[in-house]
Amino acid sequence: MSHRTQAKRWFLHARFPGVSRSPVASQGIDPKAMRLPPSPLDAVFPRPTGSTAPADEPAPCVWVVDDSASEARFIKTALGTGFQVETFPDGAAMLERLHSGRAPDAVVLDWEMPGMSGPEVCQFLRSQPETEVLPVLMLTAHNRPEDLVLGLRAGANDYVAKPFRTEEVRARVNALVRTKRLVDAVRRADREKAEALAQLDALLISSPVGLSLLDRDLRFVRVNARMAKLDGLPPESYVGRKLGEVLPGMASRLEPVLRRVLETGEPVEELAFSMKPPDADAAGGELHLMVGFHPVRTPSGEVLGVGTVLVDVTRHKQAEAELHASGEFRERFLGIVGHDLRNPLNAIRMAASFLIAHEQMPAPLMRTAGRIVSSADRMTRMITELLDFTRSRLGGGIPLTPGAMDLGGLVRQVVEELELVHPSRVLKVTSAGTLTGSWDADRLTQVLGNLLGNALQYSPADSVVEVSLHGGAEQVIARVANQGPPIAPRELALLFHPFQRATTSAHVPSGLGLGLFISEQIVRSHRGTLTVESDAERTVFTLMLPRGP
């Protein structure tokens, strides 16, 4: 149904009560002739060439509804070039034009028109949702107070009495346009706010974590179901209530943190705490929660409140505990197995050694017995590493028996033993300063043997392995350098982790990959450090030991 048809029906069934033609019109006098000539003020104050709208907004659109073409032209001229003016001969024509292009910013209505009068058109506009706030300026020759009240009650925003001044019409239309644009801006802001709140509600509802917003008084503004579930209350029970009222058990711990966020504007991340679930009995478990607080700011930076993000990590904690228990069981099992394997392994080695000592042992069997001894020794070292690994992982650390010793003498002893095993290799030792301290000699022998053994294993056969010792005021530093291929940075970062072994094109790793891990643990038990650097020229392990406890 067109607006013209709709207006006709409305006009027939709900004609504006009390509206009548003016006495002037009834006497055959044209009220449009009752206008003053242009004011001389127009010469002093020229018509505006543009509106007060911002530069990026189009000129205001004004519809003039008047059955007199000359009157409509006069009003269009009075408004000047700062407006886009469209004229209509009657109210029905204007209503037909609605929704077929750009909507007007204001309407100028003549009171006296054939068919629907100005108040009747105005009342119809006010009855339609899409035009209920459209600014209307009524032009009228009705000067009786009761007629003016009638027009305003019909919905007119303002009126100009005839005869009128051109600058008055311009000023009142400008005022209505400014008001219309302010109203439009407010409505747009309200619509954007409603859309933003709808999006926020959608995020709150669908979020898998607990979310809430609190104002500066720490009253809940919005809460999603995940957050409300903590206390067994519906989300609407939180709104308007303070934290201490809803969650008294956590308020004493959380309120100081929230206040700090409000005062400093700095977020607080990953605050862990536990609480008893509302539906748990006395023997029920705890909920493990991770919460973060973030300031809610205006575009200017003012802190309006605090946003809370809460994650239930109970299942992760349980899985972590189970994993820890499983890992601890495996490590204890390794320790037990390694300890129990020592006795049969010692028996095998002793039997093989006895066969080697027998004078009548044939040469082929002698070689076989030698291989058995060598394998038994290698297995013994592996078991020792497993036992040390188990001790370090179970929290006891590597046990030490420190005593006064000379690190220089210990290094020379280890070097001499390795020279017997690698007669073709050259190991160079240099030292400076005092090298004495309180350390566990057996454990440091294990560390140095591991570092020097790796240096020999990973370096070219014709290269020199260098050991340099330097005694300082409070510590002794030992460096083991070899000219092997560089260790990749990714492997270098994991070299002291358990079961990690460096790989190069010249060497295929063997063993369990626990030697460097255990060496680093031994050095750490001495309150020292073990580090490594590797480049294209050489790889250097640096051992730093404090002189004593």
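Computed from a prediction, not measured in an experiment: that's the story for all the values here. Hydrogens, waters and symmetry mates play no part in the numbers below; they use all other heavy atoms, side chains included.
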Open item on the list: Does atom CZ (Arg222) have a neighbourhood of more than 12 heavy atoms from anything else shown, all under 6.0 Å?
Closed with: yes
For residues 249-260, which side-chain donor-acceptor pairs fall under 3.5 Å, sequence neighbours excluded?
residue	atom	partner	partner atom	Å
Arg253	NH2	Ala272	O	2.6
Arg259	NH1	Arg216	O	3.2

Answer yes if the side chains of Arg443 and Gln446 hold a donor-acceptor pair under 3.5 Å, and no otherwise.
yes
key: Residues, nucleotides or ligands: over 12 heavy atoms within 6.0 Å of Phe293 CZ   = yes
By side-chain hydrogen bond (donor to acceptor under 3.5 Å, both in side chains), Arg172 pairs with (sequence neighbours left out) Asp158, Glu168
Residues passing the salt bridge (charged side-chain N to carboxylate O under 4.0 Å, His left out) test with Asp184, sequence neighbours excluded, are Lys180
Residues at least two apart in sequence or cross-chain that pass salt bridge (charged side-chain N to carboxylate O under 4.0 Å, His left out) with Lys76, listed by chain then number, are none
Rounded to the nearest 0.5 Å, the CZ atom of Arg153 sits from the CD atom of Gln123 at a distance of 12.0 Å
Check: residues 528-535 side-chain donor-acceptor pairs under 3.5 Å, at least two apart:
residue	atom	partner	partner atom	Å
Ser534	OG	Ile487	N	2.8
Ser534	OG	Thr539	OG1	2.8
Asp535	OD1	Glu537	N	2.9
Asp535	OD1	Arg538	N	2.9

CG of Asn174 to CZ of Arg178, rounded to nearest 0.5 Å, is 5.5 Å
With sequence neighbours left out, the residues meeting side-chain hydrogen bond (donor to acceptor under 3.5 Å, both in side chains) with Ser300 are Thr298
Residues passing the side-chain hydrogen bond (donor to acceptor under 3.5 Å, both in side chains) test with Asp440, sequence neighbours excluded, are none
* Given Glu520 and Arg524, is the salt bridge (charged side-chain N to carboxylate O under 4.0 Å, His left out) satisfied, shown in steps? -> CA-CA 6 Å; Glu520 199 266 345; Arg524 184 178 295 181; 2.8 Å; yes
Hits for ring-ring contact (aromatic ring centres under 6.0 Å, His included) against Phe88, two or more places apart or cross-chain, chain-then-number order -> Trp63
When Thr131, Val121, Leu109, Val65 are each screened for side-chain contact (heavy atoms from CB on, under 4.5 Å) with Val136, the one that passes is Leu109
Sorted by chain and residue number, the ring-ring contact (aromatic ring centres under 6.0 Å, His included) partners of Phe220 (sequence neighbours excluded) come out as Tyr238
Residue set satisfying side chain to side chain contact (heavy atoms under 4.5 Å, CB included) with Pro295, at least two apart, ordered chain then number -> Val261, Pro267, Arg297, Val303
Residues passing the side-chain hydrogen bond (donor to acceptor under 3.5 Å, both in side chains) test with Glu266, sequence neighbours excluded, are none
Residues at least two apart in sequence or cross-chain that pass salt bridge (charged side-chain N to carboxylate O under 4.0 Å, His left out) with Arg102, listed by chain then number, are Asp105
inquiry  = Does Glu270 have more than 12 heavy atoms from other residues, nucleotides or ligands lying within 6.0 Å of its CD?
reply    = no
